[in-house]
Amino acid sequence: MTLNTSRRGFLKGAAAASAVLLVGARPDGALAGGASQGAKLNPFVKINADGMVTAIVKHFEKGQGPATGLTTLIAEELGVSMEDIAYEFAPSDPGTYNNLLFGPVQGTGGSTALANSYMQYRQAGAAAREMLIQAAAKEWGVKASTLDIVDGQVTDGTNQAPLAQFVAAASQLSAPENPRLKEPSEFRLIGNAKVQRKDTPPKINGTAKYAMDLHLDNQMVAVILRSPRKGALVTGFNDADATGIKGYIRSAVLPNKAGVAVYAEHTWAAFQAREALSVEWDNSNAEMRSSDQIREQLIAAVNADPTYELTETSAAKAQLSMDGAATVLEETFYFPLLAHAPMEPLTCTIEAAAEGGVILHDGCQFPTVPHGALSQILGLPMDKVQINTMFAGGSFGRRATPVADYQVEAALAFALTDRSRPVKLVWSREDDITGGFYRPAVAHRVRVGLNADGDIMGWDHRIAAQSIMKGTPFEAMAVHNGVDHSSVEGVTQSPYVIPQQHIGLTDVAPATTVLWWRSVGHTHTAYVMESMMDAAAKAAGRDPVEFRLSYLTGDGADQKRMADVLKLAAEKGNWGAAPEGRDQGIAVHKSFNSYVAEVVEISRDEDDYVKVEKVTCAVDCGVAVNPDVIKAQMEGGIGYGIGHVMRDEITLTEGVVDQSNFPDYEPMRIGDIGAIDVHIVASNEAPTGVGEPGTPPSAPALANAIAVSGPRVTALPMINNGVDFV
Amino acid sequence: MTLNLKLNGQTHQVEAEPGTPLLWVIRDELKLTGTKFGCGVASCGACTVHLDGEPVRSCQTFIEDVEDAEVTTIEVVDQNSVGAAVQAAWAELDVVQCGYCQSGQIMSAIGLLTENSKPTLEEIDDYMSGNACRCATYQRIRAAIVLASEKLEA
Ligand code: FES
Ligand code: FES
């Protein structure tokens with residue numbers, strides 16, 4: 001390679017101001033950058049001529065911290081401080097920005113952001129570092145091995161120069177194939193508890209822009225009047241009462257007849273006009289079932305033979321092994337539908353762009369799905385659809401649907417206009433609570449036989465659920481031999497080594513749309529597994545921690561990591577030594593390849609009202625990239641889990657959702673939960689998920705604390721099943 | 001109708017029909033989007049602003065009722081010492097997750113510390129109970145209010 005080493009030459013030859021060092025990856029995964037970048041490279045890291053470093057974050061930021069995490073990985077390997085690196089969200093490009101754990105799909109979910117990006121972003125940072133060092137070595141006439149980048153300066157230990165000086169030359173080099181990554185002992189930022197969130201400053205002064213905050217010139221606001229029943233179709237509407245509302249523009253039936261789009265100049269006019277609209281529905285194909293019927297169906301299913309057998313051990317064999325058991329415990333569990341209710345109601349905006357294209361502005365969780373949907377609905381080639389990812393005000397799963405539900409609504413509403421004005425689709429909280437895509441309702445029935453020594457002899461476990469994945473584009477990936485893995489995960493693949501365990505599954509057709517909800521199947525499987533382990537320990541007269549540990553013996557890493565977090569939580573939570581007047585419950589669960597144990601401590605007042613006083617949590621998530629973000633995720637995951645089992649459920653009466661807004665879908669409040677104390681297990685294993693794994697053990701740990709001097713709660717929410725909270 | 005709205009130290013002429021929530025005038029007309037829409041029914045606190053220094057839910061405060069009042073939003077709260085202390089504490093403890101509720105949390109926390117500079121944990125829970133956080137950042141909110149109170153005392 002010939003290289004012009006004179007800086008003057010560069011200033012003359014290439015416009016220095018436009019020199020940018022990009023490092024990304026080709027679709028085959030190989031690093032690309034500088035001279036090897038090809039015509040169009042969407043990078044992971046970008047260094048401008050002035051030395052400004054930007055991490056291009058392929059995951060959206062809904063609060064779980066990937067903007068900080070991915071930026072940390074680049075900064076660590078490149079050698080810049082967290083203050084000297086900016087970040088921006090990646091455009092939609094599944095070739096470059098796919099989630100390496102999802103296949104050719106760009107998306108965030110399943111607690112995978114750090115896990116799939118860990119090596120990729122470190123390599124990109126390391127490659128950029130090597131290119132800059134190589135350029136500097138050439139210019140200084142020294143060996144590259146004598147140079148380093150520290151705090152954004154190239155240095156030989158004595159002399160130093162800013163990155164800006166070498167960007168132009170580095171951008172003429174090819175990206176190294178295998179850049180050297182730092183050893184854990186060299187980390188300054190990874191694992192550093194003092195690293196702060198990159199997104200804090202704009203989120204405390206009102207400047208952070210969420211999709212809800214977008215105001216494009218000349219935009220219209222659209223709200224949709226949807227059928228209260230799934231499957232009902234619009235047959236006509238009358239907007240006579242809306243026409244007098246200032247700012248109301250017009251209404252139009254969506255082409256799929258699922259609702260009426262109401263257009264207005266601003267949000268309040270749109271909400272008011274929608275209230276004033278009257279619509280007729282054809283209910284002949286509408287869902288008319290009530291949640292009571294769904295519940296009966298689910299309970300009947302767990303009392304019958306399962307459709308799918310998941311274990312070699314048959315039900316008969318599990319039953320047989322319980323013959324002669326000293327004790328047989330039997331419990332039936334019911335989990336209601338739940339809404340995600342992210343704090344920012346769903347919204348997105350579509351505007352026309354140059355050359356007939358469009359831009360979707362969205363807190364976009366799964367860019368690949370709406371990208372395809374918009375292309376199809378709007379009749380545009382894929383490269384004419386751009387996605388601008390903005391901050392998302394929470395998701396908990398809701399912003400990622402296999403059908404891009406709200407982006408499709410926006411596209412349909414946009415397609416009904418002449419496309420000259422941007423259309424901002426806005427959901428109200430009522431739209432959100434009643435809008436479907438719920439955590440499915442699920443039932444479990446479990447029989448556990450114990451011998452006279454209190455050892456498990458057999459375990460018969462039947463699950464009936466509304467499948468999340470069947471009938472979606474994700475079916476091929478998540479459903480095998482008829483079994484939707486997300487219905488049973490957490491009962492299957494539990495690290496517990498349980499003798500003679502039978503697991504069976506039956507599907508029940510959903511009466512509404514269902515969706516993954518923070519921790520997916522683990523929301524109910526952890527509750528059942530850990531309630532039954534607790535009940536069994538109690539029946540055996542054994543300590544719940546010791547009892548669990550006796551099913552986590554052996555040398556398997558799975559068992560050992562689970563046992564270690566259990567022991568750590570017990571130790572830090574003063575297990576067995578609750579202060580006077582308090583009861584403790586414990587639970588441990590593995591999900592998204594992370595292990596989390598929690599001790600919940602409750603008090604009861606004179607009227608027996610329960611208060612969650614304290615939660616102690618131990619987590620093993622491999623390398624802790626941003627320890628404080630991990631702690632925050634455990635805190636939030638615990639609150640989300642406990643908040644919902646306390647008070648929340650979605651119910652249907654003849655197909656219509658009974659709840660509508662926060663007063664009747666009550667969010668956890670600050671007084672509902674006391675201190676949360678999180679401990680992270682030191683580890684050099686690859687990083688695993690943290691957004692979801694804090695949630696699964698929280699609810700059963702609470703249930704187990706309640707069961708110490710109260711009932712064992714087997715149907716949720718707790719307030720409807722015999723427990724009152726302060 | 002045309003009204004005069006005193007907001008963040010300036011008087012704005014705004015066009016709004018009676019019955020329009022202050023929230024939508026702030027967000028859609030004045031395009032100050034730090035004040036958030038979360039529920040519209042005064043049950044989440046995301047839309048909290050100050051009316052003559054007192055926190056109110058702007059989604060249930062009607063435009064015709066605020067003509068003589070001084071409205072303050074998250075965008076300018078760093079201009080007084082309590083606001084600055086609260087924001088500094090929020091930054092130090094990295095309270096935010098998704099962040100969508102946090103403008104409202106901060107506006108309420110300022111209201112609390114303005115009337116009670118050394119609240120107990122129970123007083124904090126009580127005062128802040130109208131501000132929901134779906135990300136459940138509650139223990140950091142509590143800790144940040146304590147920290148801000150210490151900062152103000154120092
Ligand atoms: S939006 Fe006003 S309290 Fe929720
Ligand atoms: S930080 Fe997300 S709702 Fe509070």
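The chains referred to below are lettered A, B, ... by the order of the sequence lines, with proteins before strands, and numbering in each begins at 1.
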K.L.:
Quick one: what part of K198(A) sits under 4.5 Å from any heavy atom of chain B, side chain, backbone, both or neither?
P.N.:
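Contact with chain B: none, neither part.
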K.L.:
Identify the heavy atoms of F662(A) and C39(B) that sit nearest to each other, and give their distance.
P.N.:
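So the minimum-distance heavy-atom pair works out to CD1-CB, 3.9 Å.
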K.L.:
What I want to find out is whether D125(B) reaches R669(A) closely enough, with some N-O distance under 4.0 Å, to be called a salt bridge.
P.N.:
no
K.L.:
Quick one: does any side-chain atom of N661(A) pair with a main-chain N or O of V41(B) as donor and acceptor, under 3.5 Å?
P.N.:
no
K.L.:
Side chain, backbone, both or neither: which part of Q196(A) has a non-hydrogen atom closer than 4.5 Å to chain B?
P.N.:
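The answer is both parts of Q196(A).
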K.L.:
Contact part of Y665(A) toward chain B, heavy-atom cut-off under 4.5 Å: side chain, backbone, both or neither?
P.N.:
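Y665(A) touches chain B through side-chain heavy atoms alone.
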K.L.:
Flag the one option from N131(B), T20(B), T35(B) with the top tally of heavy-atom pairs under 4.5 Å to chain A.
P.N.:
T20(B)
K.L.:
For S117(B), enumerate each residue passing the side chain to side chain contact (heavy atoms under 4.5 Å, CB included) test, keeping only those at least two apart in sequence or located in another chain.
P.N.:
none
K.L.:
Between E344(A) (side chain) and Y100(B) (backbone), is there a donor-acceptor pair under 3.5 Å?
P.N.:
no
K.L.:
Using atom types as modelled and distance alone, determine if a side-chain donor or acceptor of Q87(B) lies under 3.5 Å from a backbone N or O of I204(A).
P.N.:
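The answer is yes, because a donor-acceptor pair under 3.5 Å joins these two groups.
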K.L.:
I'd like to know if R140(B) and E635(A) make a salt bridge, using a cut-off of under 4.0 Å between side-chain N and carboxylate O.
P.N.:
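The answer is yes: the pair qualifies as a salt bridge.
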K.L.:
Of all heavy-atom pairs between D628(A) and L93(B), which one has the smallest distance, and what is that distance?
P.N.:
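Heavy atoms of D628(A) and L93(B) come nearest at OD2-O, 4.5 Å.
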K.L.:
Where on E265(A) is there a heavy atom nearer than 4.5 Å to chain B: the side chain, the backbone, both, or neither?
P.N.:
neither
K.L.:
Can you tell me which of H266(A), R197(A), E666(A) forms the most heavy-atom pairs within a distance under 4.5 Å of chain B?
P.N.:
R197(A)
K.L.:
When you look at CD of E54(B), are more than 12 heavy atoms from neighbouring residues, nucleotides or ligands closer to it than 6.0 Å?
P.N.:
no
K.L.:
If the threshold is 4.0 Å, N to carboxylate O, is there a salt bridge linking D213(A) and R27(B)?
P.N.:
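R27(B) and D213(A): salt-bridged.
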K.L.:
Looking at K31(B), I want to see if its NZ is surrounded by more than 12 non-hydrogen atoms of other residues, nucleotides or ligands under 6.0 Å.
P.N.:
yes
K.L.:
Heavy-atom count around N218(A) CG within 6.0 Å, excluding the residue itself: above 12?
P.N.:
yes
K.L.:
Please check: side-chain N/O of Y138(B) versus main-chain N/O of M668(A), any donor-acceptor pairing under 3.5 Å?
P.N.:
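Such a contact is found between Y138(B) side chain and M668(A) backbone.
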K.L.:
Please identify, among C44(B), C135(B), P21(B), C101(B), the residue contributing the most non-hydrogen atom pairs under 4.5 Å to chain A.
P.N.:
P21(B)
K.L.:
Is it the backbone or the side chain of S43(B) that comes under 4.5 Å from a heavy atom of chain A, or both, or neither?
P.N.:
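Both backbone and side chain of S43(B) come within 4.5 Å of chain A.
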K.L.:
Taking every non-hydrogen pair under 4.5 Å, which of G38(B), A143(B), S103(B) racks up the most with chain A?
P.N.:
G38(B)
K.L.:
If only atom types and distance count, is the side chain of R142(B) paired as donor or acceptor with the main-chain N or O of I670(A) below 3.5 Å?
P.N.:
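Yes, the answer is positive, given that a donor and an acceptor are paired below the 3.5 Å cut-off.
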K.L.:
Tell me, side chain or backbone of K246(A) under 4.5 Å from chain B's heavy atoms, or both, or neither?
P.N.:
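Just its side chain gets close to chain B.
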K.L.:
Between the side chain of R134(B) and the main-chain N/O of H340(A), is any donor-acceptor distance below 3.5 Å?
P.N.:
yes
K.L.:
In terms of heavy-atom proximity below 4.5 Å to chain B, should A392(A) be classed as side chain, backbone, both, or neither?
P.N.:
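Just its backbone gets close to chain B.
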K.L.:
Of the listed residues (P345(A), P667(A), A269(A)), which shares the most heavy-atom pairs with chain B below a 4.5 Å separation?
P.N.:
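Heavy-atom pair counts peak at P345(A).
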K.L.:
Does E67(B), at its CD atom, have more than 12 non-hydrogen atoms belonging to other residues, nucleotides or ligands within less than 6.0 Å?
P.N.:
yes
K.L.:
Counting N and O atoms only, with roles assigned by atom type, does the side chain of D28(B) sit under 3.5 Å from a partner on the main chain of T267(A), one being a donor and the other an acceptor?
P.N.:
yes
K.L.:
Using only atom types and a distance under 3.5 Å, with no angle test, would you say the side chain of K203(A) pairs donor to acceptor with the backbone of C98(B)?
P.N.:
yes
K.L.:
Atom OG1 of T200(A) and atom CD of Q102(B): how far apart are they, to the nearest 0.5 Å?
P.N.:
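Those atoms lie 9.0 Å apart.
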K.L.:
Compute the ring centroids of F37(B) and Y210(A), then answer whether they are less than 6.0 Å apart.
P.N.:
no
K.L.:
Given the rule in the side chain to side chain contact (heavy atoms under 4.5 Å, CB included) test, do H215(A) and T33(B) qualify, once you have shown the distances and angles that lead to the verdict?
P.N.:
CA-CA 9 Å; H215(A) 278 277; T33(B) 54; 3.9 Å; yes
K.L.:
For E123(B), is the CD atom crowded, meaning more than 12 foreign heavy atoms sit under 6.0 Å from it?
P.N.:
yes
K.L.:
Between Q64(A) and chain B, which part of the residue has a heavy atom less than 4.5 Å away: side chain, backbone, both or neither?
P.N.:
side chain
K.L.:
For D199(A) and V96(B), work out which heavy atoms get closest and say how close.
P.N.:
O-CG2, 4.4 Å
K.L.:
Heavy-atom distances under 4.5 Å only: say whether D78(B) touches chain A with side chain, backbone, both or neither.
P.N.:
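Neither part, no heavy atoms under 4.5 Å.
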K.L.:
Would M343(A) and C133(B) count as a side chain to side chain contact (heavy atoms under 4.5 Å, CB included) here? Give the steps.
P.N.:
CA-CA 7 Å; M343(A) 201 72 215; C133(B) 174; 5.9 Å; no
K.L.:
Is atom OH of Y609(A) surrounded by more than 12 heavy atoms (other residues, nucleotides or ligands) closer than 6.0 Å?
P.N.:
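Open: at most 12 neighbouring heavy atoms sit under 6.0 Å from OH of Y609(A).
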K.L.:
Side chain, backbone, both or neither: which part of A208(A) has a non-hydrogen atom closer than 4.5 Å to chain B?
P.N.:
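Only the backbone of A208(A) comes within 4.5 Å of chain B.
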K.L.:
Any side-chain donor paired with an acceptor under 3.5 Å for Q633(A) and Q97(B)?
P.N.:
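A pair is found: one side chain offers a donor N or O, the other an acceptor, under 3.5 Å apart.
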